[in-house]
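Read through the structure below, which is laid out as structure tokens, and then see the notes.
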Amino acid sequence: MIQQTLVLIKPDGLKKSLTGNILTRLSETKLDIVAAKMVQVDRVLAERHYVYLKDEPFYEELLRYIQGIYHKKKVMALIYHGEDAIKKVRDLAGATNPEEADSVSIRGAYGRITTKGVYENVIHASGNIKEAEREIKLWFQPDEIIIQLYPTKTVTLEKVKRILWKVS
Ligand code: UDP
Ligand code: MG
């Protein structure tokens, strides 16, 4: 089944200069990258992304982690598209707990558990089709993706402020 999945290289992955390494590992899947950008994650985006974990004891620390409070304040967000994209990327990422993850998986090789108990596992990958749709729509707007993944609507906005390049 053709699918799309959200991948985040989390702040610890960027801090450890693992971007090239992770992208090379993901290229083994032969999936297509259909969107990519750098994001400075604010608390609102962090809360929305991890809404289903809001009652967990590690939630506040997790929000700090994904915002990059302890590392670099940025995340690389990508969408991978192709046959069985969700499982292929999850298999390469490895188990949530980096100590339990297969040692050749990305999380097994590079993740750690902090003294505060958060799994700094370097990479996020959507877990299923529903999660992928919710997460892709949270992190990307339709015009940031080079193919159409979900139905869109066109609206005309008035008095919308935008920053544009100055023409010299
Ligand atoms: N997490 C954690 N401790 C836990 C479970 C999760 O620190 O006991 C963190 C970890 O960074 C994980 C993220 O919360 O990647 C999201 O958790 P989820 O259960 O969705 O795992 P994933 O889908 O990322 O494998
Ligand atoms: Mg998950």
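Index from 1, following the sequence.
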Check your understanding: Does Q67 reach the main-chain N or O of R43 with its side chain, forming a donor-acceptor pair under 3.5 Å?
Key -> yes
Review point. Going by heavy atoms in the side chains, are L62 and K116 under 4.5 Å from each other?
Key: no
Exercise for review: Kindly indicate whether the side chain of F140, heavy atoms from C-beta on, has any atom under 4.5 Å from the side chain of L6.
Suggested key: yes
Review point. Counting only N and O atoms by type, is there a donor-acceptor contact under 3.5 Å from the side chain of D84 to the main-chain atoms of K87?
Key: no
Check your understanding: How about K88 and T5: do any of their side-chain heavy atoms sit closer than 4.5 Å?
Key -> no
**Study point:** Any K74 side-chain heavy atom under 4.5 Å of V39 side chain
**Key:** no
Practice item. Look up atom CD1 in I9 and atom CG in L18, then write down how far apart they are to the nearest 0.5 Å. Key: 8.5 Å
Check your understanding: Looking only at side chains, do S126 and E131 share a donor and an acceptor under 3.5 Å apart?
Key -> no
Check your understanding: Does the side chain of V41 come within less than 4.5 Å of W139's, by heavy atoms?
Key -> yes
Practice item. Please answer whether the main-chain N or O of Y150 pairs with a side-chain N or O of Q148 as donor and acceptor at a distance below 3.5 Å. Key: yes
Review point. Could you state the interatomic distance from CG (N21) to CG (L26), rounded to the nearest 0.5 Å?
Key: 10.0 Å
Review point. Quick one: does S105's side chain have a donor or acceptor within less than 3.5 Å of a partner on A101's backbone?
Key: no
Check your understanding: Honestly, is K10 close enough over Y65, meaning NZ or CZ under 6.0 Å from the six-membered ring centre and within 45° of the axis?
Key -> no
Exercise for review: Check the hydrophobic clustering (I, L, V, M, F, W, Y; side-chain heavy atoms under 4.5 Å; chains of links allowed) and say if I136 and V34 are grouped together.
Suggested key: yes
Review point. Does G111 offer a backbone N or O that forms a donor-acceptor pair with the side chain of N121 under 3.5 Å?
Key: no
Review point. Are the side chain of R107 and the backbone of I123 linked by a donor-acceptor contact shorter than 3.5 Å?
Key: yes
Practice item. Report yes or no: is the cationic atom of K16 (NZ for Lys, CZ for Arg) closer than 6.0 Å to the six-membered ring centre of Y110, at no more than 45° off its axis? Key: no
Review point. Is there a donor-acceptor pair closer than 3.5 Å between any side-chain N or O of E144 and the backbone N or O of Q141?
Key: yes
Review point. Where do I79 and L149 land on the side-chain contact (heavy atoms from CB on, under 4.5 Å) test, with the steps shown first?
Key: CA-CA 10 Å; I79 302 172; L149 297 177; 4.0 Å; yes
Point to revise | 4.5 Å side-chain heavy-atom contact, M76 and V7 | key: no
**Study point:** Worked verdict on E83 versus Q3 for side-chain contact (heavy atoms from CB on, under 4.5 Å)
**Key:** CA-CA 6 Å; E83 189 65 31; Q3 298 171 333; over 6 Å; no
Review point. If you group Ile, Leu, Val, Met, Phe, Trp and Tyr whenever their side-chain heavy atoms sit less than 4.5 Å apart, what else falls in with V160?
Key: V155, L157
Review point. Got a sec, which residues hit ring pair (Phe, Tyr, Trp, His ring centres under 6.0 Å) with H81, two or more places apart in sequence or on another chain?
Key: none
Point to revise | Exceeds 12 heavy-atom contacts within 6.0 angstrom, atom CD1 of I163 | key: no
Practice item. Dump the intermediate steps for salt bridge (Lys or Arg N to Asp or Glu O under 4.0 Å) on R64 and E60, then the final yes or no. Key: CA-CA 6 Å; R64 293 171 75 80; E60 279 300 321; over 6 Å; no
